[in-house]
Amino acid sequence: MEAAKVSKPDVSTVYAVDLSQRPVPQGDAAREKAALLQLARRMHDAPGEMLPRFVELAMELTGGISAGISLLEETEPSPVFRWHHLKGILSPFNGATTPRDFSPCGITLERSAPTLTIHPERVYDWIPPGLSLPEVLLVPLHIGRTEPLGTLWIVADRIGHFHCGHGATMQELAGFIGIALKMVRSEQELQQALEQQELLTREMSHRLKNLFTIVDGMIRISARSTDNKDDLVALLSGRLHALAAAHSLVRPSFSDVQGAASNLAELLSIVTEPHEPPTTGGRRRLSLRGPSVLCGEQSVNGLALVFHELATNAAKYGALCSENGRVDVLWQIDGDDLSITWSEDRGTQISIPPASKGFGSTLVEATVTHQFGGTLSYDWRPVGLSVNIVMPLSILAR
């Protein structure tokens, strides 16, 4: 004979009892008030440490066998309640979670009032097997009057234990818990802001040290490659302007203490703009084309110096010193690398490659190969110089 199927009680049966209809026995209201006020005075110094004591007090004032705080977490794919500071028979389940949309805590927040449940384990299958919860009293927790935080709940060992006086007392206690949680949250937010401020200060100090190191090297090497102060001033001025333009692209913020990444196209446009000679009809002689590539602070400074040197040489000796000359800068992503081609056309005719390298060429080669771990090749075509640079994308992001 087939066994009869046992159907689960309807959820509404768990909430069939109206707490307000239960009489309030004679109690010691003065003792309850004194206990609450004593905790409130201590809460100012260490609100986080008072939360477990609030849970213990909830058990003492109601005669419960277990109690805890369930805090709402907006998780994916659906929000949950997480159990905190559990006392009594349910303490082994501290840190457990329950569904937002299928739990007594969720219904309590929707009602925004004390809620009494009878044997919720008969309906909610997420309650561990073997647990018997004759009555559970829940009160909502809020920050202010609108923002829901979760619930304070107390378990009794028999049906008929809780009454409306317990509900009123727990509402008062819930008000203190809400204030304590708000204070804890404010302390956490302040600590995070201070940590971000410290990181930002350290990052800015690091950037300044790097900048001074770069400038010091530029001064020393430029002095060795020039014959008089006027050439030294002109050489340093151009390189410092390129460095300043690149540095202006990296703006730190509290949300990103490492600095915002800069787009390669924006960087090249700023660095080469001073070398764009005036032409008739609005025709530009510097063309920049390629996909979006983000560059970190360290790579921005290096790239600025490299393309400043290429643009300066083009303006002195190459395509940009001729009225009809032009420069095309094309870059593309090839697997894990970025390939950049600097191509000059219709400039000064080139018969043979230069016999020696100047400081600018040495700087370009050292930056590409040493800083970026890339490769650099020159093609001295009769119509103009073509330079191909290949660098790992992972290093550019730094």
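Quick note: numbers below take in every heavy atom, side chains included, and nothing from hydrogens, waters or symmetry partners.
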Evaluate side chain to side chain contact (heavy atoms under 4.5 Å, CB included) for Thr151 paired with Val139, printing each intermediate quantity in order.
CA-CA 6 Å; Thr151 63; Val139 292; over 6 Å; no
Just how far is it from atom CG of Leu393 to atom OG of Ser299, taken to the nearest 0.5 Å?
10.5 Å
Backbone N or O of Glu121 within a donor-acceptor pair of the His119 side chain at under 3.5 Å?
no
Are side-chain heavy atoms of Ser287 and Val327 found at a separation under 4.5 Å?
no
Donor-acceptor under 3.5 Å (Thr75 side chain, Ser78 main chain):
yes
Leu57 vs Phe176, side chain to side chain contact (heavy atoms under 4.5 Å, CB included): CA-CA, chis, key distance, verdict
CA-CA 12 Å; Leu57 184 61; Phe176 287 113; over 6 Å; no
Between Pro140 and Ala174 the two heavy atoms that sit nearest each other are O-CB, 3.7 Å
What I'd like to find out is whether the side chain of Leu141 reaches to under 4.5 Å of the side chain of Leu152, using heavy atoms alone.
yes
Should Asp328 and Asp345 count as side-chain neighbours, where that means a heavy-atom distance under 4.5 Å?
no
For Ala304 and Leu267, work out which heavy atoms get closest and say how close.
CB-CD1, 4.1 Å
Met59 and Leu131: same hydrophobic cluster, using ILVMFWY side-chain contacts below 4.5 Å?
no
Is there a donor-acceptor contact under 3.5 Å from the side chain of Ser269 to the main chain of Ala265?
no
Under 3.5 Å: donor-acceptor pair, side chain of Arg82, backbone of Gly95:
yes
How long is the gap from CD on Glu56 to CZ on Arg53, to the nearest 0.5 Å?
5.5 Å
Under 3.5 Å, is there a donor-acceptor pair between the side chain of Thr169 and the main chain of His166?
no
Taking the side chain from Asn94 and the backbone from His85, do they hold a donor-acceptor pair closer than 3.5 Å?
yes
If hydrophobic clusters are built from ILVMFWY residues whose side chains come within less than 4.5 Å, do Leu109 and Ile107 share one?
no
Rounded to the nearest 0.5 Å, how far apart are CG of Leu303 and CD1 of Ile340?
6.0 Å
Heavy-atom side-chain contact between Tyr378 and Val364 under 4.5 Å
yes
Under a plain distance cut-off of 3.5 Å, with no hydrogens placed, do Arg381 and Ser343 share a side-chain donor-acceptor pair?
yes
Considering only NZ, NE, NH1 and NH2 on the basic side and carboxylate oxygens on the acidic side, decide whether Lys87 and Glu60 come within less than 4.0 Å.
no
If I compare all heavy atoms of Phe81 with all of Gly150, which pair ends up nearest, and what's the gap?
CE2-CA, 4.0 Å
Decide yes or no on side chain to side chain contact (heavy atoms under 4.5 Å, CB included) for Leu133 and Ile127, but give the supporting numbers first.
CA-CA 10 Å; Leu133 309 175; Ile127 296 178; 4.2 Å; yes
What are the two closest non-hydrogen atoms of Thr341 and Ser386, and how far apart are they?
CG2-OG, 3.9 Å
Testing the 3.5 Å rule here: is there a donor-acceptor pair between the side chains of Ser70 and Trp153?
yes
Indicate, with yes or no, if Leu310 and Trp380 share a hydrophobic cluster defined by side-chain heavy-atom contacts under 4.5 Å among Ile, Leu, Val, Met, Phe, Trp and Tyr.
yes
Hydrophobic cluster membership, Phe102 vs Val80, 4.5 Å side-chain cutoff
no
The side-chain contact (heavy atoms from CB on, under 4.5 Å) partner of Leu264 among Leu338, Leu294, Val329 is Leu338
Hey, what's the ring geometry for Phe93 with Trp83, parallel, tilted or perpendicular (30° and 60° as the breaks)?
perpendicular
At what distance, to the nearest 0.5 angstrom, does CE of Met391 lie from OG1 of Thr367?
10.0 Å
Is any side-chain heavy atom of Leu330 closer than 4.5 Å to one of Arg289?
yes
Intermediate values then yes/no, side-chain hydrogen bond (donor to acceptor under 3.5 Å, both in side chains), Asp334 and Ser339
CA-CA 7 Å; Asp334 184 10; Ser339 176; over 6 Å; no
Under a 4.0 Å N-O cut-off, is there an ion pair linking Arg22 with Glu135?
yes
Any side-chain heavy-atom pair of Pro104 and Val136 under 4.5 Å:
no
Measure the CD1-CG distance between Ile154 and Leu138 for me, rounded to the nearest 0.5 Å.
7.5 Å
Does His161 use its side chain to pair, donor to acceptor, with the backbone of Arg158 at less than 3.5 Å?
no
Does the plane of the ring in Tyr124 sit parallel, tilted or perpendicular to the ring in Trp126? Use 30° and 60° as the thresholds.
tilted
Test your reading of the model: is there a side-chain donor-acceptor pair from Asn388 to the backbone of Ser377, 3.5 Å cut-off?
no
Could Arg285 and Glu344 be called an ion pair, given the rule that one side-chain N must be under 4.0 Å from one carboxylate O?
no
Closest heavy-atom pair and its distance - Leu72, Pro79
CD1-CB, 4.2 Å
Can you tell me if Thr115 uses its side chain to pair, donor with acceptor, with the backbone of Ala113 under 3.5 Å?
yes
Taking every heavy atom of Ile389 against every heavy atom of Phe307, the minimum-distance pair comes out as CD1-CZ, 4.4 Å
Tell me, with the steps shown, if Leu137 and Leu19 meet side chain to side chain contact (heavy atoms under 4.5 Å, CB included).
CA-CA 9 Å; Leu137 173 63; Leu19 186 66; 3.7 Å; yes
When you compare the side chain of Ile65 with that of Leu90, does any pair of heavy atoms fall below 4.5 Å?
no
Under 4.5 Å between side-chain heavy atoms, counting indirect links through other Ile/Leu/Val/Met/Phe/Trp/Tyr residues: same cluster for Trp331 and Phe372 or not?
yes
Side chain proximity check, Val368 to Val390, heavy atoms < 4.5 angstrom
no
Could you measure the distance from the CG atom of Asp336 to the CD1 atom of Ile395? Nearest 0.5 Å is fine.
11.5 Å
Does Thr272 reach the main-chain N or O of Leu268 with its side chain, forming a donor-acceptor pair under 3.5 Å?
yes
